[in-house]
Amino acid sequence: MAEGASEIRLRVWKRKTSLEEDPQTILDAEFLTREGAADLRLSVYAIAPSEVVRVVTEHFAGNGLDSIRNQKDGHLDLSTVFAGTEEVSPENEWFSRARDAHRELVLPDEASLMALIGSLTRCSRHPYLKADAKAYIKDRLDAEDEEWKRFVAVHRNGPKYKRLGGH
């Protein structure tokens, strides 16, 4: 896909946080670094809407998450509420599409982050269901996809993802 052509900036939601929560609760649940500071470098994926299942599944697997979570309300497209610096930030060592699509949206300060949080209700949402992820994994394993073959053979969570894919 040509970069910028109908791309969204998908933020993978960490928890089942409601956008109706107060901004501080959303900040605490979704936008803190591991050290507990406000995250001013927002991890997103520059993808087509049709790639949501693939990239979110690869995100969960490649980041060592041992479970896939439904997000019926949807992961958020931040492209409509963010205007600022975007940097390419390849991070996924297992899956090339997730690695190539990864970006960081850079905010200047916590006030900008709180303003963004206040505008999240204007974002389009992209639902993600575990059943779709299982079907995607099954398809990749059935096709003997090299990245998925390597992942299930070597990664500590590989056997779990192999079972999710029905193998």
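Sequence positions, counted from 1, serve as the residue numbers for this chain.
In this structure, Y161 has its ring center at least 6.0 angstrom away from the ring center of F60.
Within the 4.5 Å cutoff, no side-chain heavy atoms of L10 are placed close to those of E51. With a 4.5 Å cut-off on side-chain heavy atoms, Y128 and I68 count as touching. In this structure, the side chains of E58 and W94 stay at 4.5 Å or more apart for every pair of heavy atoms.
Across N92 and A98, no two heavy atoms sit closer than the pair ND2-CB, 3.6 Å. In plain terms, the two heavy atoms of A38 and T33 that are nearest each other are O-CG2, 4.2 Å. Of all the heavy atoms in G64 and R156, the pair that sits closest is O-NH2, 3.3 Å. Pairing each heavy atom of S6 with each of P49, the nearest pair is O-CD, 3.5 Å. The heavy-atom pair separating I137 from G165 by the smallest distance is CG2-CA, 3.6 Å. Among all heavy-atom pairs drawn from H126 and D77, the shortest one is NE2-CB, 3.9 Å.
Summarising the geometry, atom CG belonging to L120 is positioned 9.5 Å from atom CZ belonging to R11; distances are rounded to the nearest 0.5 Å. Once rounded to the nearest 0.5 Å, the distance linking CZ of R41 with CG of L107 reads 10.0 Å. Rounding to the nearest 0.5 Å places CG of L164 at 13.0 Å from NZ of K138.
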Go through the steps to decide whether V12 and S43 satisfy the test side-chain contact (heavy atoms from CB on, under 4.5 Å), and finish with yes or no.
CA-CA 8 Å; V12 176; S43 177; over 6 Å; no
Evaluate the criterion side-chain contact (heavy atoms from CB on, under 4.5 Å) for residue pair L27 and E110; output intermediate values, then yes/no.
CA-CA 10 Å; L27 172 72; E110 191 169 339; 3.8 Å; yes
side-chain contact (heavy atoms from CB on, under 4.5 Å) assessment of D142 paired with H167:
CA-CA 9 Å; D142 288 351; H167 283 251; 2.7 Å; yes
Worked check of side-chain contact (heavy atoms from CB on, under 4.5 Å) between W148 and F95
CA-CA 8 Å; W148 277 96; F95 301 102; 3.4 Å; yes
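Two different hydrophobic clusters hold I8 and V106 under the rule that ILVMFWY side chains link at heavy-atom gaps under 4.5 Å. L116 and L32 fall within a single hydrophobic cluster, where Ile, Leu, Val, Met, Phe, Trp and Tyr are joined by side-chain heavy atoms under 4.5 Å apart, directly or via other members. In the hydrophobic clustering of this structure, L19 groups with I117; members are Ile, Leu, Val, Met, Phe, Trp, Tyr whose side-chain heavy atoms approach within less than 4.5 Å, directly or through other members.
Side-chain N or O atoms of N157 include none that pairs as donor or acceptor with a backbone N or O of K160 at under 3.5 Å. Put simply, the side chain of N63 never gets that close to the backbone of L65: no donor and acceptor are under 3.5 Å apart.
In summary, the side chains of T25 and D28 do not present any donor paired with an acceptor at a separation below 3.5 Å, with no hydrogens or angles considered. E87 and S89 share no side-chain donor-acceptor pair at under 3.5 Å.
Partner Y45 forms a side chain to side chain donor-acceptor pair (under 3.5 Å) with one of H102, H59, R97, R103 and no other, that one being H59.
In this structure, E147 does not pair ionically with R140, as no charged nitrogen and carboxylate oxygen lie closer than 4.0 Å.
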